[in-house]
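Single-structure report; data block below.
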Amino acid sequence: MSLNAIMNTASSGLQAAQTQLRVVSDNVSNVNTPGYVRKIAEQQTLTSQGMGSGVEVARIRLATDRFLQAASLNAGAESARMGVRHELYDRIQSLFGDPGGDVGFFSQVDAVFSAFAASAEDPTSSPRRQDALFRTQALFDEAGRIAGQIQAVREDADSRIHSAVERANSLLQQIEGLNLEIARATAVDGDASGAETAQAALIGQLAELVDIRVSVRSVGGVSIRTGSGTLLAGQGAATLEYNPAGTLTGETAFNEIWITEPGGPRRSLLDSVTSGEIKGLVELRDVEAPAAAERLAELVAHVADELNRAHNGNSAVPAPSSLTGRNVGQTFESAIAGFSGQSTVAVTNAAGVIQARADIVFSGGTMTVNGAAATPASFLGVLNAQLGGAATASFVDGRLTIAATAPNGVAVADDPTSPSSKAGRGFSHYFGLNDLVSTDRPAFYDNGLTAASPHGFTAGETLTFRFTGETGSRLRDLQVAVPAGGAVGDLITALNDPGVGIGRFGTFSLAADGSLSFTGYGNPPPTMSVLEDRTTQVPSGISVTELFGIGGGVRASRADDFSLRADIRQSPSRLALAQLNLAAASGTPALSTGDGRGALALADAGERTANFQAAGGASGGLTTVSRYAAELAGEIGGKAAAAENRKQTASALYSEATARQTAHEGVNLDEELVLMTTYQQAFNASARLIQAAKDMYDTLMGMV
């Protein structure tokens, strides 16, 4: 070997050792830098004509383990998903308060019925009446507040989705920019480790937003795809798009989150991701929060309905001069049809003595008033004739009104042995003639309609439905027009038409009690919502979705619409705590100021079995208001606890995956010290080899 060869070999060793020492120095100086990945200088032997000619640093790479990196990224995405779900659902749970406390929402439900029980002990006590009314109004105010705050949580989730989409776009642009820098460095055998370290940190941030898979490109840099394979970066940066909905209501339909692949088509992002913060926010916004709102609305609607049931069986003393019902969302002919049993409309004087009465008998599709036959079309005329001018019944804009001639009052009571009934509600209750709690929209959907009942909507009016898949992405928007046929059956047939209706995704069916339900096809079935309803019923003015409760949005929006009847709130003496005695002898009072039977009925309203409809994932069924409230309290608390457990589990898994990745990729001072000693010795050996070659050269020159 020549002296020049020896010098070249020693010089290459010197340069390699210097590079390796510089790498070790970088590692040691970044020992406490979060996210820093240890560098490794890979050394290889140089050969010339089959003989060793020194060494060189082939490349400087990061100590990355792709398996550990993938495990950490997946765990990070799931941790972020569960984290936001727990954070926001915990806010929802806190709205209801402590289920076992004295000031939470569910304790207020029991307090209302307890207040009416106290009123029964002294029906003439104005303070007890006021307390019962105050607690009732407070309950509905609190329900409205909670419903509003649930929508605020959804609005927060929606705005955070928009922010997350913007962050994802920024991260993808930065990652793609570093791809170019790394590729340039790789092409000239440069050191790309700094850019790779920065890119790894950005990838970790992106993985918290959406679940991703990372692969190394042969030209340097990485290619990133979603868990289902949609390209995000590597051949250009993908673009995500989302326009937030703004101020929300329970019936808000949200926009789609779009992704456009580099040089590819525009598609739904939710079809491509299964985890990450965006997925968690969508699940909370579109599934968990609406479910809580629907369950709350179903509970509050039945609290109102059961209080109204009891109150409609009662009467104030003296009886009010008129009774005006709720908007039943039907023509009178449709509403009065289908009753059975007996009910009485009585006109009483200030002393409670009956001045005139109309005994109504419904039997086998026929009806009589004081024995006079009537039809749905003639019923009001026959009723007015039998009242003989003592009172007048009218039906305007979907509301039935019975007004007594001054100075008398009017009361309605069912026969105790054969009470009137339609869809489980008595005559006065069905029309809401003496409701305690009022609302501007239909509060229940088991309205007793049949397929032959007229629906009252104008042909050509439209509804637009949206169907979403299991992932939350939009499947199809469909517009359905009201058909020419005027019966409810015609409307359902048009809705179920597979050509122009929703028949490709599911079917509507009408139950015996008049409630309309939707059953989707497939497993899991698609979710249906209503984007737009341009229908208006004559004469009530309500829409198809309000009449039948189509879609979870319109059902959830009921919760903030209940309040005490204005005249009762202003004058507690109008609270109906007595019951009309239909068996009272002629000339004797049928209403008594000391009668507390009506208050007892109001107190027992929470224990009466009612038919709850499916809401928020719960199947519904027969149960009491008090039991439903207890089950809802347990469900809200259970879901919050489950969300916390899932968050803790995902966080623990992420911590373990990150710890293992850090242990492999991070800087170990002991290892670096060993490497530094090794490279120093290699440097010294190369330096001594140079010195030895110099000495040999000097000796040879001295011999010449």
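In terms of modelled atom types and a separation under 3.5 Å, the side chain of Arg558 and the main chain of Arg555 share a donor-acceptor contact. Checking side-chain atoms of Thr19 against main-chain N and O of Gln15 turns up a donor-acceptor pair under 3.5 Å. At least one donor-acceptor pair closer than 3.5 Å links the side chain of Asn179 to the backbone N or O of Val222. Arg466 places no side-chain N or O within donor-acceptor distance of the main-chain N or O of Leu531, the cut-off being under 3.5 Å. Under a 3.5 Å cut-off, the side chain of Ser275 and the backbone N or O of Ala77 do form a donor-acceptor pair. A donor-acceptor pair under 3.5 Å is formed between the side chain of Asn255 and the backbone N or O of Asn243. Asp533 contributes a side-chain N or O that, together with a main-chain N or O of Thr545, makes up a donor-acceptor pair within less than 3.5 Å. Between the side chain of Ser72 and the main chain of Leu68, no donor-acceptor pair closer than 3.5 Å is present. No donor-acceptor pair under 3.5 Å is formed between the side chain of Glu461 and the backbone N or O of Thr535. Side chain of Asn496 to main chain of Phe508: a donor-acceptor pair is present (N/O by atom type, distance under 3.5 Å, no hydrogens or angles).
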- In sequence, state the C-alpha distance, the side-chain angles, and the governing distance for Glu532 and Arg534, and then conclude on salt bridge (Lys or Arg N to Asp or Glu O under 4.0 Å). CA-CA 6 Å; Glu532 185 180 52; Arg534 293 181 173 272; 3.0 Å; yes
- Task: Check step by step if side-chain contact (heavy atoms from CB on, under 4.5 Å) holds for Arg225 and Thr230.
- Result: CA-CA 5 Å; Arg225 295 182 179 272; Thr230 300; over 6 Å; no
- Query: Where do Ser170 and Glu166 land on the side-chain hydrogen bond (donor to acceptor under 3.5 Å, both in side chains) test, with the steps shown first?
  - Reply: CA-CA 6 Å; Ser170 176; Glu166 290 184 334; over 6 Å; no
- Worked verdict on Thr260 versus Thr239 for side-chain hydrogen bond (donor to acceptor under 3.5 Å, both in side chains): CA-CA 5 Å; Thr260 304; Thr239 302; 6.0 Å; no
- Task: Kindly indicate, with the supporting measurements, whether the criterion side-chain contact (heavy atoms from CB on, under 4.5 Å) is fulfilled by Leu284 and Val84.
- Result: CA-CA 8 Å; Leu284 187 285; Val84 296; over 6 Å; no
- Task: Give the intermediate values and the outcome of salt bridge (Lys or Arg N to Asp or Glu O under 4.0 Å) for residues Glu261 and Arg266.
- Result: CA-CA 7 Å; Glu261 294 181 88; Arg266 186 170 179 255; over 6 Å; no
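Using cut-offs of 30° and 60° for the angle between ring planes, the Tyr242 and His162 rings count as tilted. A tilted orientation is assigned to the rings of Phe467 and Phe518, their planes being inclined by 30° to 60°.
For the residue pair Gln43 / Glu56, no side-chain donor-acceptor distance below 3.5 Å is found, with atom types taken as modelled. Side chain to side chain, Ser473 and Arg267 fail the donor-acceptor criterion of an N or O pair below 3.5 Å. At a cut-off of 3.5 Å, with distance as the only test, no side-chain donor of Thr519 or Thr507 sits close to an acceptor on the other residue.
Electrostatic pairing of Glu631 and Arg295 does not count as a salt bridge here, judged by no charged N lying under 4.0 Å from a carboxylate O. Arg646 and Glu78 are not joined by a salt bridge, as no carboxylate oxygen comes within less than 4.0 angstrom of a charged side-chain nitrogen. The pair Glu208-Arg81 does not meet the salt-bridge criterion, since no charged nitrogen lies less than 4.0 angstrom from a carboxylate oxygen. Ionic pairing of Arg91 and Glu87 is not present here: no N-O contact between side-chain nitrogen and carboxylate oxygen is shorter than 4.0 angstrom. The pair Glu644-Lys647 does not meet the salt-bridge criterion, since no charged nitrogen lies less than 4.0 angstrom from a carboxylate oxygen. Using a 4.0 Å cut-off between a side-chain N of Lys or Arg and a carboxylate O of Asp or Glu, Arg85 and Glu288 qualify as a salt bridge. One finds no salt bridge joining Glu155 and Arg285 here, because no Lys/Arg side-chain nitrogen approaches an Asp/Glu carboxylate oxygen to under 4.0 Å. Contact check on Glu277 versus Arg167 returns a salt bridge, with a Lys/Arg side-chain nitrogen under 4.0 Å from an Asp/Glu carboxylate oxygen.
The distance from atom CD of Glu298 to atom CD of Gln613, rounded to the nearest 0.5 Å, is 6.0 Å. Atom CZ of Arg38 sits about 4.5 Å away from atom CD1 of Ile40, to the nearest 0.5 Å. For the atom pair CZ (Arg217) and CD1 (Ile224), the distance works out to 10.0 Å, reported to the nearest 0.5 Å. To the nearest 0.5 Å, atom CZ of residue Phe465 and atom CD of residue Gln479 are 10.5 Å apart. The structure places CG of Leu232 at 10.0 Å from CZ of Arg213, a figure rounded to the nearest 0.5 Å. Summarising the geometry, atom OG1 belonging to Thr468 is positioned 7.5 Å from atom CG belonging to Asp286; distances are rounded to the nearest 0.5 Å.
Between Ala301 and Ala443, the closest heavy-atom pair is CB-O, 3.7 Å. Heavy-atom minimum distance, Arg154 versus Ala289: CG-CB, 3.5 Å. Heavy-atom minimum distance, Tyr521 versus Pro526: O-CD, 3.0 Å. Considering all non-hydrogen atoms of both residues, Ser79 and Ser651 come closest at OG-OG, 3.5 Å.
Here the side chains of Leu240 and Trp258 are not in contact, with every heavy-atom distance at 4.5 Å or above. Looking at heavy atoms from C-beta onward, Ile212 lies out of side-chain contact with Asn74 at the 4.5 angstrom threshold. Contact of the Val554 side chain with the Val530 side chain is not registered, since no non-hydrogen atoms from C-beta on lie closer than 4.5 Å. Looking only at side-chain heavy atoms (C-beta outward), Arg66 and Val216 come within less than 4.5 Å of each other. Side-chain contact between Leu669 and Glu671: absent, with no pair of heavy atoms (C-beta onward) separated by less than 4.5 Å. Side chains of Ser543 and Gln537 form no contact here, defined as non-hydrogen atoms less than 4.5 Å apart. A 4.5 Å side-chain heavy-atom check between Gln20 and Leu675 finds every atom pair outside the cut-off. Proximity of Arg145 to Leu95: side-chain heavy atoms (C-beta onward) are separated by under 4.5 Å at one or more points.
A side chain to side chain donor-acceptor pair (under 3.5 Å) with Ser557 holds for exactly one of Gln151, Arg441, Glu546; it is Arg441.
In this structure, Tyr445 has its ring center at least 6.0 angstrom away from the ring center of Phe548. In this structure, Phe96 has its ring center closer than 6.0 angstrom to the ring center of Phe106.
Other residues, nucleotides and ligands contribute over 12 non-hydrogen atoms within 6.0 Å of the CZ atom of Arg474.
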